[in-house]
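The next block holds one structure in the form of structure tokens; read it before the comments.
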Amino acid sequence: MSRLEKLRESWMHQAHLADAADPLKWLRAHFHIPEKDGRPVVYFTGNSLGLQPRKAAQYIAEELEAWRTLAVDGHFQGKRPWYHYHTFFSEHLASLLGCQPQECVAMGSLTANLHLLLVSFYRPQGQKFKILCEQNPFPSDLYAFWSQARFHGYDPQEAVVELPHNDMAEEEIAQYIESLGDELAVVVFGGVHYLSGRFFRPGPLVQAAHRVGAFFGLDLAHAIGNIPLTLHDDEVDFACWCSYKYLNSGPGAVGGLYVHEKYGGLRDIPRFEGWWGTRSDTRFLMERSFDPAPGAQAWQLSNAPVFNMAAHLAALELFSQVGIEALRHKSIQLTGFLEQGLDQLNEALPHRSFSLLTPRDPALRGCQLSIIFEDEETGQRVFKTLLSEGVVVDWRQPRVMRMAPVPSYNTFEDVARCLCSLADALVL
Ligand SMILES: *Cc1c(COP(=O)(O)O)cnc(C)c1O
């Protein structure tokens, strides 16, 4: 038996043992898994769009029913009155974010929320005008930072500073933050970097930002539902996220935002406001003064988009049923198995064709592993082979392939199938 055949056998064997021992294996049945050629695909792109929870359709249907039968009364009657709809999310989100329920709210969309938060937390004055982010952030975030700087009359190229490297150690990043000193107005990092999958643990970075009088915020697009967070205790000032990635809430689904307790209920903080940001008990008095709702809810503008939020609720209930800690436990094993297989594959091949872009320390990553190919042609060929064999991964220019085994619906066998397909493609 060739070395690669032995590897294939051992991956499958290990996977079957691990799946049999997995206490969360029941969870997969709560999701719709797409098929290719009559077989469930290996879905490793939950970092782009999570799979549909089976309960989502029922929850949306219930709201259609309420609209059909109650019409305007649905705001205050029925199983989940729409007037209070956003409040049904707070406990679920708080347990994922590590914050108090009042510090977070399901609302808006990620980039829009980032702008709303920057209105409150990017208040450049004179020479204190810089925004620091990680190196090569997600483009939408960069567009938000640039346009905010321009809006305040600054040159975006001068105002927006990127970290020199994303593989800097935490102490080095903290030192870099402090080196910007009085010029630094705000730090906004992607919690998990979308390309490399590196997790920026906020704790030490927040302290560094605060030491130079800067606010600290996070874009949690790739972190929420992936890694347990402790935003409140870390004293993160603000954060936003989307819910269609690891939160499995559907394309373009509602996002959310967090603001630390110390800013909740403030009347004088700069903020773009709307009627849903006022206290719910006095809202319909239609007063001419803005009476802020407690906590993060004061940042809300509009009433809840209920159909889209119904899927979000179905998805979050599953998270609460399982608990993020249990998911993280499986996630570390699942991703560790993939990492080990990738290393074995590289060793078995005559020459190295890819290397890992993601940190090897599980504390510095979520479920995603990114590999970078030595040459683009091989990478493209491997990517296409995987897709043709029903292994759904994604490709980012120039030479990066991202694979995200998600603990809620992926199995160890999925990882073994992915490794076998990689082996097929690379020995060609
Ligand atoms: C996915 C993602 C976005 C997408 O923004 P939307 O406003 O939801 O379209 C933005 N930033 C980061 C870091 C992302 O990963």
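Here the structure is a predicted model, which is why all the values come from computation and not from measurement. One-based numbering, in listed order, for ligands and for the atoms of each. Sequence positions, counted from 1, serve as the residue numbers for this chain.
F284 and W276 have perpendicular rings, their planes meeting at more than 60° on a 0 to 90° scale where under 30° would count as parallel. Note on ring orientation: taking the six-membered ring where Trp is involved, the planes of H312 and F89 are parallel (angle under 30°, cut-offs 30° and 60°).
With contacts defined as side-chain heavy-atom distances shorter than 4.5 Å, the pair F145/V188 qualifies.
Legend: residues meeting ring-ring contact (aromatic ring centres under 6.0 Å, His included) with F216, ordered by chain and number and at least two apart, are absent.
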What does the N/O contact table under 3.5 Å look like for ligand 1?
unit_1	atom_1	unit_2	atom_2	d
ligand 1	5 (O)	T111	OG1	3.3
ligand 1	7 (O)	T111	N	2.9
ligand 1	7 (O)	T111	OG1	2.6
ligand 1	8 (O)	Y244	OH	2.5
ligand 1	11 (N)	D141	OD1	2.7
ligand 1	11 (N)	D219	OD2	3.2
ligand 1	15 (O)	H222	NE2	3.0
ligand 1	15 (O)	K245	NZ	2.5

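Electrostatic pairing of R396 and D394 counts as a salt bridge here, judged by a charged N lying under 4.0 Å from a carboxylate O.
For H260 and H232, the ring centers sit closer than 6.0 Å to each other.
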